[in-house]
Amino acid sequence: MKKPLLLYTCYITIFIVIMMVLMMDRSYNQRVPLFVTSGDANKTGRLLNFEPEVDKPLSDKNIFFIETSGITKGDLMLKSRQGCAVESAARMNPNMTVYLLLVSRSKVPNQSTKFFDQLESYPNVRIRCVYLDKYMENTPLEKWYKRGVWKESQWPISHMSDVLRYLTLWKYGGIYLDLDVVVT
């Protein structure tokens with residue numbers, strides 16, 4: 001008797017969450033473009049690069065998420081759970097800038113485009129591509145990166161993820177959150 005009730009409750013909860021997402025107000029005055037455009041953004045599919053001079057991260061007003069699975073595979077994929085993490089940070093912290101930094105040179109696949117579009121609707125979300133060679137410039141880790149020491153590791157993605165977390169907070173301050181953390 002308890003099992004069907006639990007299953008029914010799960011279905012209702014999922015339905016309610018989906019309906020809330022579909023009904024969210026997307027009428028913000030400020031929108032930061034997700035794609036570099038030379039006409040139609042969706043045709044190029046190129047992400048904007050993270051440019052500190054343009055994005056201007058403020059040390060006490062930043063929340064950073066870093067997606068690093070594309071370092072070696074080149075895949076650029078945002079799962080729904082990860083999208084929820086970024087969205088929750090944006091909704092719960094409207095006075096902070098939420099950065100989703102992607103370490104990949106790939107195009108956004110169709111299945112991730114809807115998540116990126118949804119996140120882009122928040123005025124405080126910045127989705128940016130990070131090029132490691134440029135990101136490491138003029139930091140204590142520049143020589144370490146250029147020598148390729150991280151590639152020799154048994155776990156290069158994990159180690160590069162750790163380095164990027166520390167480096168991002170060292171450079172810009174703020175808060176780092178994993179992409180499986182939902183802010184409540």
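- Here Ala90 pairs with Val98, Tyr122, Asn124, Val125 under the side chain to side chain contact (heavy atoms under 4.5 Å, CB included) rule; sequence neighbours left out.
- Closest approach of Leu119 to Glu87, counting heavy atoms only: CD2-N, 3.7 Å.
- Evaluation of the side chain to side chain contact (heavy atoms under 4.5 Å, CB included) rule for Ser158 yields Trp155 as partners, not counting sequence neighbours.
- Partners of Thr139 under the side-chain hydrogen bond (donor to acceptor under 3.5 Å, both in side chains) rule, at least two apart in sequence or in another chain, do not exist in this structure.
- Listed by first and then second residue, the salt bridge (charged side-chain N to carboxylate O under 4.0 Å, His left out) pairs that reach into residues 144-157 are Glu142-Lys146, sequence neighbours excluded.
- A continuous path of hydrophobic side-chain contacts links Trp144 to Val130 [ILVMFWY only; heavy atoms under 4.5 Å].
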side-chain contact (heavy atoms from CB on, under 4.5 Å) between Phe64 and Leu101, intermediate numbers included: CA-CA 7 Å; Phe64 291 98; Leu101 303 179; 3.9 Å; yes

In residues 162-170, what donor-acceptor pairs under 3.5 Å come from side-chain atoms, sequence neighbours left out?
residue, atom, partner, partner atom, Å
Asp162, OD1, Arg165, NH1, 2.6
Arg165, NE, Tyr176, OH, 3.0
Thr168, OG1, Tyr135, OH, 2.7
Thr168, OG1, Leu164, O, 2.6

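- Here Asn93 contributes atom CG and Ile175 contributes atom CD1; the two are 6.5 Å apart, rounded to the nearest 0.5 Å.
- Shown here for Arg128 and Arg126, the closest heavy-atom pair between the two residues is NH2-CD, 3.6 Å.
- With rounding to the nearest 0.5 angstrom, the CZ atom of Arg91 is 10.5 Å from the SG atom of Cys84.
- The minimum heavy-atom distance linking Phe116 with Leu100 is given by the pair CE2-CD2, 4.3 Å.
- Between the side chain of Ser88 and the backbone N or O of Val183 there is at least one donor-acceptor pair closer than 3.5 Å.
- At a threshold of 4.5 Å between side-chain heavy atoms, the hydrophobic network of Ile, Leu, Val, Met, Phe, Trp and Tyr places Met92 and Leu177 in one connected group.
- A heavy-atom distance below 4.5 Å is found between the side chains of Asp180 and Arg81.
- We find the CD1-CH2 distance between Ile157 and Trp150 to be 8.0 Å, quoted to the nearest 0.5 Å.
- The two residues Gly173 and Asn62 come nearest to each other via the heavy atoms O-ND2, 3.7 Å.
- Of all heavy-atom pairs spanning Tyr145 and Leu132, the tightest one is OH-CB, 3.3 Å.
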Trace of the side-chain contact (heavy atoms from CB on, under 4.5 Å) decision for Val181 with Leu179: CA-CA 6 Å; Val181 173; Leu179 277 164; over 6 Å; no

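- In this structure, the separation between NZ on Lys61 and OG1 on Thr97 is 9.5 Å, given to the nearest 0.5 Å.
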Working for side-chain contact (heavy atoms from CB on, under 4.5 Å), residues Met160 and Thr68: CA-CA 8 Å; Met160 183 53 75; Thr68 56; 5.5 Å; no

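- You'll find the side chain of Leu141 reaches within 4.5 Å of the side chain of Met136, heavy atoms only.
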